[in-house]
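Any value given below was found using the heavy atoms of this structure, including those in side chains, with hydrogens, waters and symmetry copies removed.
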Amino acid sequence: IPVSVIDPSTNKEYIVKGVAAKGFYLAPFVNISFPEESQVTYFGNQAFEGCHAMRGIDLPDSLTTVGRVMFGHCFNLSAVDIPDSVTSIGAKAFFRCVSLSYVELGSGITELPSSIFNGCFVLDTVVVRGEIETFGDTLFEDFRPTDVKVHVPSSDSKAKWEQANGSGSYGLDTANIIAANKFCTV
């Protein structure tokens, strides 16, 4: 996705600041990347929904907002790293990403909305780099995440996840909520 576009009728250059709601709905992308100098700050609701062929996306460090159902039905997406700059992520962001096995959530995210991992049947690992303060009612809707490993940054964070797991009936095995001080990136 380019840093800027030129309006051919006026020859005026416009900096790309975001992707509109359903901006790339059903697009046949396989891999998406953003230049290092990207100024994209938001992805609207369902921005990449239905990009069935998408296998990977390299999100820009300028990104702050991820809309609802952003990657809905991206059946071949296997891993996502949400940058630390993101402070807001919408409900059902990974709706029915049936091949999604690995997610890293940046340190800027403090709230996880309901159904964020709805239908992510092969989800294996969630790495959380920040402290989550607010948890949606059902993070793992439509499947039982008993084998999902959640890596969190501290023992305080682990306690919050365990409490949310109990009150939200997420179905996580508490032995798989792992407090650590170092993370590795795949």
Side-chain angles (χ1 to χ4, degrees), residues 32 43 45-59 63 65-186:
I32 300 172
F43 292 140
N45 294 339
Q46 301 166 287
F48 297 100
E49 184 179 15
C51 293
H52 304 300
M54 186 189 325
R55 294 185 188 284
I57 185 165
D58 182 20
L59 298 171
L63 187 64
T65 304
V66 170
R68 292 177 49 253
V69 196
M70 184 171 98
F71 294 114
H73 300 102
C74 291
F75 298 138
N76 288 299
L77 186 63
S78 62
V80 175
D81 183 354
I82 303 293
D84 292 334
S85 56
V86 173
T87 57
S88 174
I89 190 164
K92 297 185 179 184
F94 304 105
F95 183 73
R96 299 270 179 210
C97 290
V98 297
S99 297
L100 187 65
S101 63
Y102 184 88
V103 175
E104 282 200 38
L105 299 173
S107 62
I109 296 171
T110 59
E111 179 177 349
L112 290 180
S114 290
S115 305
I116 188 169
F117 300 115
N118 181 311
C120 297
F121 305 115
V122 300
L123 187 62
D124 177 66
T125 303
V126 177
V127 175
V128 183
R129 293 192 298 263
E131 297 290 337
I132 304 299
E133 300 296 330
T134 307
F135 295 82
D137 294 336
T138 54
L139 299 185
F140 305 97
E141 195 170 15
D142 287 346
F143 78 105
R144 298 300 289 176
T146 52
D147 294 330
V148 174
K149 291 171 244 17
V150 179
H151 298 267
V152 296
S154 68
S155 56
D156 287 345
S157 186
K158 178 179 169 62
K160 289 176 187 174
W161 274 85
E162 288 173 344
Q163 180 181 5
N165 184 45
S167 62
S169 301
Y170 298 155
L172 289 169
D173 180 341
T174 55
N176 287 336
I177 302 172
I178 305 157
N181 293 322
K182 290 191 174 189
F183 301 107
C184 63
T185 301
V186 174

Visitor: Side chains of residues 105-117: which donor-acceptor pairs under 3.5 Å do they make with residues two or more places apart or in other chains?
Guide:
residue, atom, partner, partner atom, Å
Ser107, OG, Asp84, OD1, 3.4
Ser114, OG, Asp137, N, 3.1
Ser115, OG, Thr138, OG1, 3.4
Ser115, OG, Glu141, OE1, 2.5

Visitor: Can you tell me which residue pairs pass the salt bridge (Lys or Arg N to Asp or Glu O under 4.0 Å) test with a partner in residues 151-176, sequence neighbours excluded?
Guide: Glu133-Lys160, Lys158-Glu162

Visitor: Mind checking side-chain contact (heavy atoms from CB on, under 4.5 Å) for Lys149 and listing every partner two or more places apart, or none if nothing turns up?
Guide: Asp124, His151, Asn176, Ile178

Visitor: Can you check side chain to side chain contact (heavy atoms under 4.5 Å, CB included) on Phe94 and Leu123, steps first, answer last?
Guide: CA-CA 11 Å; Phe94 304 105; Leu123 187 62; over 6 Å; no

Visitor: Could you list the donor-acceptor pairs under 3.5 angstrom formed between side-chain atoms of residues 73-80 and any protein atom two or more places apart in sequence or on another chain?
Guide:
residue, atom, partner, partner atom, Å
His73, ND1, Glu49, OE2, 3.3
Asn76, ND2, His52, O, 2.7

Visitor: Tell me whether the rings of Phe48 and Phe43 are parallel (<30°), tilted (30 to 60°) or perpendicular (>60°).
Guide: perpendicular

Visitor: Do Val148 and Leu172 have side-chain heavy atoms sitting under 4.5 Å apart?
Guide: yes

Visitor: Once rounded to the nearest 0.5 Å, what's the spacing between atom CZ of Phe121 and atom OG of Ser101?
Guide: 14.5 Å

Visitor: Test of understanding: with salt bridge (charged side-chain N to carboxylate O under 4.0 Å, His left out), list the residues that count as partners of Glu131, not counting sequence neighbours.
Guide: none

Visitor: Quick one: side chain to side chain donor-acceptor pair (under 3.5 Å) partners of Gln163, sequence neighbours excluded?
Guide: none

Visitor: Could you pull out all residues at least two apart from Asp142 that satisfy side chain to side chain donor-acceptor pair (under 3.5 Å)?
Guide: Arg96

Visitor: Going by heavy atoms in the side chains, are Leu139 and Trp161 under 4.5 Å from each other?
Guide: yes

Visitor: With side-chain hydrogen bond (donor to acceptor under 3.5 Å, both in side chains) as the rule and sequence neighbours excluded, what pairs involving residues 86-95 come up?
Guide: none

